[in-house]
2 protein chains.
Amino acid sequence: MSTDVEPSPLLGRVTITDVARAAGVSVPTVSKVVNGRYGVAAATSKRVLEVVEELGYETSLVASSLRRRQTNVIGILVAEFESFSVELLKGVSAAAAGTGYEVLAYSGLVTDGSPTGWERRSLSRLAGTLIDGAIIVTPTVLMPTTSIPVVAIDPHTGPGGPSTIDSDSVGGARSATRHLIELGHRRIAHIRGRGDLASAQLREEGYRQSLAEAGIAFDPELVRDGGYKAALTSDAARELLTRADRPTAVFAANDMSALGVLKVAAELGLRVPEDLSVIGFDDIPEAASATPPLTTMAQPLHDLGAQALQMLVQLLDGHDVPNHVQLPAKLVVRASTAAAPAA
Amino acid sequence: MSTDVEPSPLLGRVTITDVARAAGVSVPTVSKVVNGRYGVAAATSKRVLEVVEELGYETSLVASSLRRRQTNVIGILVAEFESFSVELLKGVSAAAAGTGYEVLAYSGLVTDGSPTGWERRSLSRLAGTLIDGAIIVTPTVLMPTTSIPVVAIDPHTGPGGPSTIDSDSVGGARSATRHLIELGHRRIAHIRGRGDLASAQLREEGYRQSLAEAGIAFDPELVRDGGYKAALTSDAARELLTRADRPTAVFAANDMSALGVLKVAAELGLRVPEDLSVIGFDDIPEAASATPPLTTMAQPLHDLGAQALQMLVQLLDGHDVPNHVQLPAKLVVRASTAAAPAA
DNA sequence: AGACGTTTCGAAAACGTTATCGATATCGAT
DNA sequence: ATCGATATCGATAACGTTTTCGAAACGTCT
């Protein structure tokens, strides 16, 4: 069974050349065997497979994808691996099982250069050579036409661009704000999301609509930027909550911001929900285990990811997909909202 | 500013050849410019950079990593993207910021072949060509010496293998079991984890130790396999909970199993924690939001991931790292455990 | 003007793989 | 024995990039 060629290249990977040499055949023949293509004798095939087994050879994804046209790998590009994107990732991954595609998640967080446009870099670096298609989460730029199919989750503002999927931000924001209004709140603040994302703009829009419906005047002083980040929210929240006429409720554009508000409220000695009601958006896992458990608008993150993958596979198969898909958001009442305190 | 060569290759990616042609220089020159190497005139460099900008060229990660020796990308290999591995991933990713390494997460879940040994395949496919080092989560096989540095989280059983990191399974299991004993439980069942992982064996060991300390006889009938999966736990739980002398408490080897027990208990009409106490292990996000919120042994998942990354970077820099690192597990009491019902 | 060092550039090879296609071996039929 | 069809295999090129190294151009000094 063992060949007379030295079997163990202690350093470096086992390449197809090693296998070919050990099996006494040419490199292309080994390639044919491992890829199960027609045109190689049964005896040769058997011998090659034995050597492959013996040396522990596996084809290099990089080299083969450089030569092949498709890799059967789809990439999901995220800025960083935090709760939101990772919940989507779970959905994508679950939906990918059985489709014949493997999932590669790439964090394009740039630590050196400009924080914007990382997707174009990452996508360019991977597209066409390593991945057949991509799902981009909360893109920071509107993607130009790329060489591979792309689906964006929670898309960037602006017309054109790839197929997108998100949940009903306007409707969700209206529900969230209405929930607060129904609890008797009148001074309701809003922590904005990342200004370049459509979702952030739409949530502010929903907030305004709901105020208007209830006949509450919009007060620009009650709207601050939180950038969808807990850290960025802190200063804004501190300003809002130390005002003489501080709001009795805050609608944060996402849960991370809402958690930031909770933290600041705790620092300031404000009780939630007795003194201040807080509602978020997303329903990331941390929301349920926060103190107090956060009332929020739940996005079907898992489904968003799963449907994004399905859309991408459709595209890869050459089918058309809707330009935009929207899933509903649902109010989840926990313990961070309550009736407004008596004036 | 614009060149007279057609600037827009509508299909396919922009390659270094396109840039070279458009800039009127050779391919190697473009390579030198974009990599900032010495030996190219300032004027030439400027012209090339303009064309790069104009065409939106980015080097192909695949092609360059095939030629280069290092890619500055580290891979984290997981069987699937579920809560446990994804929490680790967050830790890894957070720790990677600022190290100069980017993180690529690869789900090696095989849908066709054998469910075991996926890491060897995936690792081989990526190692040495696409990633400089790897973190493997709950490996299913003991990795042989590979061509790149590897750190394993929650390692496979057996001697040798790569550097590993995990949390104190024996101590954690003892604490968990002791918690139940202190609540007055005497018939305490155990749902085992994945038998090939050291953590599963050590948790059973801790369970037994704790019983022995309390003078409770070990009953093999009360130990079943759950494989760390909710689905696999169901049958085992049903068997256990429909026995005439059913246990009053269950220590599940991880939270997924514990959640599976909760589900079966609910189906059977058992109240938790009044009729049955359940404790898990891991403290994944779902634990806090379960009904009832799950008492569990918290693993510092974020830190495990972060430290794994640090170890890997140390290895990549040529430094030595401890062969094994262990972090503590901590009891988190929520609402799924209570005093044993009166006999 | 000649010799020599320096700068700038490109030709060629290489990384590991796969696709194409032509060469050889084998075989059955005439 | 010759022919043609078929099976099997390998030489070669190609994917996009980087590295090495030699050639050419240029400037400086005697």
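Heavy atoms only: backbone and side chains are in, while hydrogens, waters and symmetry mates are out. What you see is a predicted model, and the numbers here were worked out from it, not measured in a lab. Here is the naming used below: chain letters follow the sequence lines, and residue numbers restart at 1 for every chain.
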Ranking B/Arg47 and A/Thr17 by the position along DNA chain C of their nearest nucleotide, the one closer to 5' is B/Arg47
Picking from C/dC9, C/dT18, D/dG16, the nucleotide nearest the side-chain atoms of A/Ile16 would be C/dT18
Nearest whole Å is fine: how far is C/dA19 C1' from A/Asn35 CG?
11 Å
Strictly below 4.0 Å: does A/Arg37 bring a side-chain N or O up to OP1 or OP2 of C/dA19?
yes
Any base atoms under 4.0 Å from B/Val27, or only sugar-phosphate, or nothing? Heavy atoms, all strands.
base
Verdict with reasoning, A/Ser199 to A/Asp154, per side chain to side chain donor-acceptor pair (under 3.5 Å):
CA-CA 6 Å; A/Ser199 59; A/Asp154 195 354; 2.8 Å; yes
Under 3.5 Å between N/O atoms: give me all the protein pairs with nucleotides 11-14 of chain D, atom names plus distance.
residue : atom : partner : partner atom : Å
D/dA14  : N3   : A/Arg67 : NE           : 2.5

Contacts of B/Ala63 and B/Ser45 projected onto DNA chain C by closest heavy atom; the upstream (5') one is B/Ser45
Does A/Val150 form a side-chain contact (heavy atoms from CB on, under 4.5 Å) with A/Leu315? I'd like the steps, not just the answer.
CA-CA 8 Å; A/Val150 167; A/Leu315 286 172; over 6 Å; no
Treating B/Arg13 as the side-chain partner and B/Glu58 as the backbone partner, does any N or O pair qualify as donor plus acceptor under 3.5 Å?
yes
Specify the separation, in whole Å, of atom CG of B/Leu130 and atom P of D/dC15.
21 Å
Value rounded to 0.5 Å, distance of CG in A/Leu304 from CG in A/Asp166:
7.5 Å
Can you check nucleotides 5-8 of chain D for protein contacts, nitrogen or oxygen pairs under 3.5 Å, and list what you find?
residue : atom : partner : partner atom : Å
D/dA7   : OP2  : A/Tyr38 : OH           : 3.4

For D/dT17, take OP1 and OP2 only and decide whether either is under 4.0 Å from a side-chain N or O of B/Ser60.
no
A/Thr164 side chain reached by A/Val151 side chain, heavy atoms, under 4.5 Å:
no
Donor-acceptor pairs under 3.5 Å, side chain of residues 83-91 of chain A to any protein atom, not counting sequence neighbours: which ones?
residue : atom : partner  : partner atom : Å
A/Ser83 : OG   : A/Glu286 : OE1          : 2.8
A/Ser83 : OG   : A/Glu286 : OE2          : 2.5
A/Ser83 : OG   : B/Lys90  : NZ           : 2.9
A/Ser85 : OG   : A/Glu80  : O            : 2.9
A/Ser85 : OG   : A/Glu82  : N            : 3.4
A/Ser85 : OG   : A/Glu82  : O            : 3.2
A/Ser85 : OG   : A/Glu82  : OE2          : 2.7
A/Glu87 : OE2  : A/Lys90  : NZ           : 3.0
A/Lys90 : NZ   : B/Ser83  : OG           : 3.0

Indicate yes or no for a side-chain donor-acceptor contact from A/Asp132 to the backbone of A/Asn72 under 3.5 Å, with no hydrogens or angles considered.
yes
Phosphate OP1/OP2 of C/dT17 contacted by A/Ser64 side-chain N/O (<4.0 Å)
no
Just by distance, do the side chain of B/Asn35 and the backbone of B/Lys32 share a donor-acceptor pair under 3.5 Å?
no
Spell out, as yes or no, whether a donor-acceptor pair under 3.5 Å connects the side chain of A/Thr71 to the backbone of A/Leu130.
yes
Return each pair, listed once, that meets salt bridge (Lys or Arg N to Asp or Glu O under 4.0 Å) where at least one residue sits in residues 302-321 of chain B; pairs must be two or more places apart or across chains.
none
Terminal axes of the helix from C/dA1-D/dT30 to C/dT30-D/dA1 (five pairs each): angle between them, nearest 10 degrees:
60°
Please report, rounded to the nearest Å, how far the C1' atom of D/dT18 is from the CG atom of B/Leu61.
14 Å
Backbone of B/Val40 reached by a side-chain donor or acceptor of B/Thr44 within 3.5 Å
no
Output the rounded distance in Å from CG (B/Leu66) to P (C/dT17).
9 Å
Whole-Å distance separating the CD atom of A/Gln70 from the C1' atom of C/dA19
15 Å
Checking A/Ser45 now: which residues fulfil side chain to side chain donor-acceptor pair (under 3.5 Å) with it, not counting sequence neighbours?
none
I need the CZ-P distance between B/Arg21 and C/dG10, as an integer number of Å.
14 Å
